[in-house]
Amino acid sequence: MSTSRPAAPPKAEKRDSSYSHHGITIADPYAWLRDPGYPDVTDKDVLAYLEAENAWFEARMEPHKDLVETLFKEMKARIKEDDSTVPQRRGDWLYWSEFEEGAEYRKYYRKPVAGGERVLILDENELAAGHEYFRLGTFSISDNARLLAYSVDTNGSERFTARVKDLETGQHLPDEIPGTLSDLVWVMDDTALVYGLADENWRVHDATLHVLGTPLSEDVELYRESADEGFRVGAGLSAQEDWLIIATGDNETSEVRLVPVADPKAKPILVAPRRKGVEYDVDVRDGTLWVHTNDEHVNFRLATAPLDKPGEWTTLIEGSDEVYLDGFSLFRDFYVTEGRIKGLDQIQLRSYADPNLVKPIAFAEASFTTGLTNNPEYHQDRLRLSYQSMVTPDSVYDYHVETGELELLKQQEIPSGYDPALYTTERVEIAARDGTMIPVSVVMRKDREPGGPLHLYAYGAYGYAVPPGFSTTRLSLVDRGFAYAIAHIRGGDDLGRKWYLAGKLNERVNTFTDFVDVAKGLAARGYTQEGRISISGGSAGGELMGVVVNTDPQLWGAVVAHVPFVDVLATMLDDSLPLTPGEWPEWGNPILSKQAFAYILSYSPYDQVVAQDYPPMLVTAGLNDPRVTYWEPAKWVAKLRELKTDDNELLLKTNMGAGHGGKSGRFESIRETAEEVAFVLWQLGVEG
């Protein structure tokens with residue numbers, strides 16, 4: 001193979017191809033980039049094009065390799081290499097994980113609460129040896145603390161192989177379950193596991209029982225979703241670990257069944273039949289069913305019901321326009337609700353005996369993100385919390401329930417040094433074009449010059465709220481004079497469920513216009529200038545990138561689109577793809593609806609590429625990505641190369657051995673971030 005650098009970017013061949021729906025025909029000359037044998041990608045022409053794009057990426061980034069290396073070293077220097085999590089008690093043992101200096105992956109340990117030596121129970125580095133990619137899926141200790149069930153993915157395809165390790169002998173049991181995409185739940189007095197398999201389209205439609213020591217052919221399906229192709233199935237345990245909770249649903253509808261942990265093959269209890277648009281999740285305490293649902297209020301209520309009448313829900317906490325009730329956790333002596341008020345996280349302790357007794361956990365900063373983390377026992381007199389803000393590093397607290405004391409157990413160390421006094425964070429509101437006020441979280445150095453470069457990030461889909469948290473890699477931009485802003489645009493649920501609904505289906509365009517209006521508003525307020533704004537987003541956030549470069553290309557000085565969902569129309573028309581049926585409630589079903597077809601077509605980034613100038617762009621893809629298939633960014637870049645009228649950089653980097661999350665390993669992933677930041681600095685002329 002030639003090692004000479006390419007002199008020009010690759011030009012993908014155009015091949016006649018089209019599809020028609022609702023009397024409309026769409027030409028798709030780059031459809032051939034989808035290997036017909038997917039998920040096995042072996043087509044020589046496809047691979048040659050992806051390799052040619054990778055070679056162009058390497059050639060264009062070569063002059064900036066010193067900058068990439070500088071950024072990588074400074075990002076790595078902010079990581080405490082020999083780091084560990086705070087031990088947490090579960091039963092008679094304390095559990096934690098550690099990174100050793102120079103290691104890409106974690107080691108997991110435990111030691112007796114009563115005292116004794118620590119014991120290594122799992123080494124990710126050992127499991128990852130010989131693999132280009134590695135990811136630990138689920139990690140589940142049996143109730144008797146003797147067995148560890150875990151799963152691994154070694155190519156990024158999100159098909160995990162489950163194994164069971166005897167922690168007393170250190171040996172693996174012969175049981176091995178390939179193709180899982182679920183938690184591993186211990187049942188039947190630790191003699192069996194409940195799991196779900198990814199089918200040929202990466203969809204989990206089952207909750208299946210495997211008894212240890214028996215062949216997989218004898219495994220028993222406890223539940224199979226056969227009514228709705230878009231639903232996914234998952235399983236977990238109740239707070240007292242006496243009920244197995246089997247849930248099925250999509251992005252807007254839920255249905256839950258309960259079976260005893262001791263007898264999972266018993267006839268299941270159906271909590272409430274599915275109703276389109278009604279979501280609910282449940283837990284059980286002392287024979288009472290607890291239900292968190294949006295059936296009466298968009299921001300959810302909390303209700304209870306007797307187990308013998310599981311569908312008769314009595315309200316405990318009313319739904320509220322002001323309070324978004326995000327979830328709840330049951331403990332022996334109290335329960336906890338979590339949610340958001342005006343976009344800020346809330347944790348509240350509540351009394352079983354007195355519904356009026358509410359103890360909020362208060363924090364001093366004006367903008368932050370917090371939540372319960374690892375609280376594995378039903379009886380907890382201390383609650384383990386996480387906390388961070390855009391200027392406060394990741395912090396772990398124990399909240400002492402009796403006294404209300406917040407005890408700081410650990411704060412993220414930054415070995416190369418970090419002084420929070422040098423930085424300031426703000427939460428501002430920018431008016432969207434329809435008058436809606438969009439919250440924006442901003443962090444920058446106090447000595448930053450007004451009007452300098454600004455990086456704007458957003459996601460804006462699936463009701464995911466981007467938290468205003470801390471990032472060490474972000475400092476590489478901020479310390480070079482950038483402001484870094486997170487736009488809490490509609491499509492996330494930052495301001496409650498209505499905020500999410502206002503950015504999905506036929507309101508989807510709000511997400512895109514919110515982002516553009518935030519950028520213009522920040523420029524108008526003097527934070528930056530149009531053309532000095534770099535932007536980034538991944539997956540559905542990559543779709544956002546694709547739309548705004550089509551609609552407002554002049555605003556952006558640099559664009560990074562990670563695994564971007566840009567071929568929206570074609571993907572939503574293909575019900576054989578892994579996610580498509582489950583995505584119709586989010587985007588609409590263009591197969592059945594002419595209106596949905598026309599609306600998606602009106603913004604689908606790939607379909608809306610036109611002959612115009614585009615900003616500098618870096619695009620990433622994963623060959624094994626089952627969520628956003630590699631050909632979406634590949635087709636998009638090919639069409640951009642064909643039609644764009646500028647000489648700005650357009651780079652496509654495809655990870656040939658990874659999936660949706662890019663490369664694995666803490667340092668390899670940092671190197672990719674260093675490349676992204678180097679690209680931004682290069683394009684905005686802030687190199688160095």
Could you please spell out the steps behind the side chain to side chain contact (heavy atoms under 4.5 Å, CB included) verdict for Gln388 and Gln412?
CA-CA 10 Å; Gln388 57 184 292; Gln412 179 181 0; 5.8 Å; no

Practice prompt. Report the C-alpha separation of Phe139 and Tyr108 in whole Å, then their side-chain angles, then the decisive distance to 0.1 Å, and conclude whether the ring-ring contact (aromatic ring centres under 6.0 Å, His included) test is met.
Written response: CA-CA 10 Å; Phe139 180 99; Tyr108 293 81; 4.7 Å; yes

| Derivation of the ring-ring contact (aromatic ring centres under 6.0 Å, His included) call for Tyr418 and Phe470 | CA-CA 12 Å; Tyr418 171 71; Phe470 188 77; 5.2 Å; yes

**Report entry** Stepwise side chain to side chain contact (heavy atoms under 4.5 Å, CB included) test for Tyr109 and Thr85
**Finding:** CA-CA 10 Å; Tyr109 292 92; Thr85 60; over 6 Å; no

Margin query: Determine whether Arg106 and Glu124 satisfy the following criterion, salt bridge (charged side-chain N to carboxylate O under 4.0 Å, His left out), listing intermediate values before the conclusion.
Written below: CA-CA 5 Å; Arg106 295 179 181 272; Glu124 287 185 356; 5.6 Å; no

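Closest heavy-atom contact between Val282 and Ile245: O-CD1, 3.6 Å. In terms of heavy atoms, Ile414 sits closest to Pro393 at CD1-CG, 4.4 Å. Heavy atoms only, all atoms of each residue included: Ala262 and Met188 are closest at O-CG, 3.9 Å.
Taking the side chain as every heavy atom from C-beta outward, Met75 and Phe72 never approach each other to under 4.5 Å. Residues Ile317 and Thr337 are in side-chain contact: their nearest non-hydrogen atoms beyond the backbone lie under 4.5 Å apart. Using a 4.5 Å heavy-atom threshold, the side chains of Leu307 and Trp243 count as touching. Leu197 is not listed as a side-chain neighbour of Val204, based on a closest heavy-atom distance of 4.5 Å or more. The closest side-chain heavy-atom distance from Leu212 to Leu147 is below 4.5 Å. Taking the side chain as every heavy atom from C-beta outward, Ile141 and Leu167 approach each other to under 4.5 Å. The shortest distance between side-chain heavy atoms of Ser539 and His562 does not fall below 4.5 Å. Considering only heavy atoms from C-beta on, Arg232 stays 4.5 Å or farther from Asp250 through its side chain.
Between Tyr352 and Tyr335, the ring centre distance stays below 6.0 Å.
With sequence neighbours excluded, the residues satisfying salt bridge (charged side-chain N to carboxylate O under 4.0 Å, His left out) with Glu675 are Lys653. By the side-chain contact (heavy atoms from CB on, under 4.5 Å) test, Ala198 pairs with Arg159, Leu181, sequence neighbours left out. By the salt bridge (charged side-chain N to carboxylate O under 4.0 Å, His left out) test, Glu241 pairs with no residue at all, sequence neighbours left out. Every residue meeting the side-chain contact (heavy atoms from CB on, under 4.5 Å) condition with Thr293, not counting sequence neighbours, appears here in chain and number order: Val278, Tyr280, Val291, Asp295, Arg301, Trp313. Residues forming a ring pair (Phe, Tyr, Trp, His ring centres under 6.0 Å) with Phe328 (at least two apart in sequence, or on another chain): none. Considering only residues two or more places apart in sequence or on other chains, His131 meets the ring pair (Phe, Tyr, Trp, His ring centres under 6.0 Å) condition with none of them. For Tyr387, the ring pair (Phe, Tyr, Trp, His ring centres under 6.0 Å) test picks out Phe363, Phe368, with sequence neighbours left out. Residues that satisfy the salt bridge (charged side-chain N to carboxylate O under 4.0 Å, His left out) test with Arg285, not counting sequence neighbours, are absent from this structure. In this structure, Tyr324 has no ring pair (Phe, Tyr, Trp, His ring centres under 6.0 Å) partners at least two apart in sequence or on a different chain.
If you check the side chains of Thr370 and Asp345, you find no donor sitting under 3.5 Å from an acceptor. In this structure, a donor-acceptor pair under 3.5 Å is absent between the side chains of His400 and Asp381. Counting only N and O atoms by type, the side chains of Tyr378 and Asp333 include no donor and acceptor under 3.5 Å apart. Residues His292 and Glu279 have side chains that never bring a donor and an acceptor to within less than 3.5 angstrom of each other. No side-chain donor-acceptor contact under 3.5 Å links Glu132 and Asn155. In summary, the side chains of Arg78 and Thr472 do not present any donor paired with an acceptor at a separation below 3.5 Å, with no hydrogens or angles considered. Inspection of the Glu74 and Ser476 side chains reveals an N or O donor paired with an N or O acceptor under 3.5 Å. Between the side chains of Gln380 and Arg382, no donor-acceptor pair is found at a separation under 3.5 Å. Side chain to side chain, Glu225 and Tyr223 meet the donor-acceptor criterion of an N or O pair below 3.5 Å.
Thr425 contributes no side-chain N or O that, together with a main-chain N or O of Met390, makes up a donor-acceptor pair within less than 3.5 Å. For Asp219 (side chain) and Thr208 (main-chain N/O), no donor-acceptor pair under 3.5 Å exists by modelled atom type. At least one donor-acceptor pair closer than 3.5 Å links the side chain of Thr620 to the backbone N or O of Val563. The backbone N or O of Ala162 sits nowhere less than 3.5 Å from a side-chain atom of Ser151 that would complete a donor-acceptor pair. Remark: side-chain polar atoms of Thr180 are paired, donor with acceptor, to backbone N or O of Phe160 under 3.5 angstrom. Looking at Thr403, its side chain never comes within 3.5 Å of a backbone N or O of Val401 through a donor-acceptor pair. One N or O on the side chain of Asn54 and one on the backbone of Thr654 form a donor-acceptor pair closer than 3.5 Å. Looking at Gln346, its side chain does come within 3.5 Å of a backbone N or O of Leu344 through a donor-acceptor pair. For Lys359 (side chain) and Ser351 (main-chain N/O), no donor-acceptor pair under 3.5 Å exists by modelled atom type. Judged by distance alone, with hydrogens and angles left aside, the side-chain atoms of Glu377 form a donor-acceptor pair with the main-chain N or O of Gly91 at under 3.5 Å.
The existence of a salt bridge linking Glu168 and Arg146 is confirmed by a sub-4.0 Å separation between a basic side-chain nitrogen and an acidic carboxylate oxygen. Between Glu69 and Arg671 there is a salt bridge, with a side-chain nitrogen of the basic residue lying less than 4.0 Å from a carboxylate oxygen of the acidic one. We find that Arg257 and Glu255 are joined by a salt bridge, their nearest charged nitrogen and carboxylate oxygen being less than 4.0 Å apart. The pair Arg384-Asp398 meets the salt-bridge criterion, since a charged nitrogen lies less than 4.0 angstrom from a carboxylate oxygen. Between Asp493 and Arg340, at least one side-chain N (NZ, or NE/NH1/NH2) sits under 4.0 Å from a carboxylate O, which counts as a salt bridge.
Relative ring orientation between Tyr38 and Trp202 is described as tilted, the plane-to-plane angle lying within the 30° to 60° band.
Sorted by first and then second residue, the salt bridge (Lys or Arg N to Asp or Glu O under 4.0 Å) pairs with a member in residues 189-211 read Arg203-Glu229; sequence neighbours excluded. Residues in residues 170-196 take part in these ring pair (Phe, Tyr, Trp, His ring centres under 6.0 Å) pairs, two or more places apart or across chains: Tyr150-His172. Legend: salt bridge (Lys or Arg N to Asp or Glu O under 4.0 Å) pairs involving residues 82-103, not counting sequence neighbours, sorted by first then second residue: Lys80-Asp82, Asp83-Lys410, Glu98-Arg118, Glu100-Lys107.
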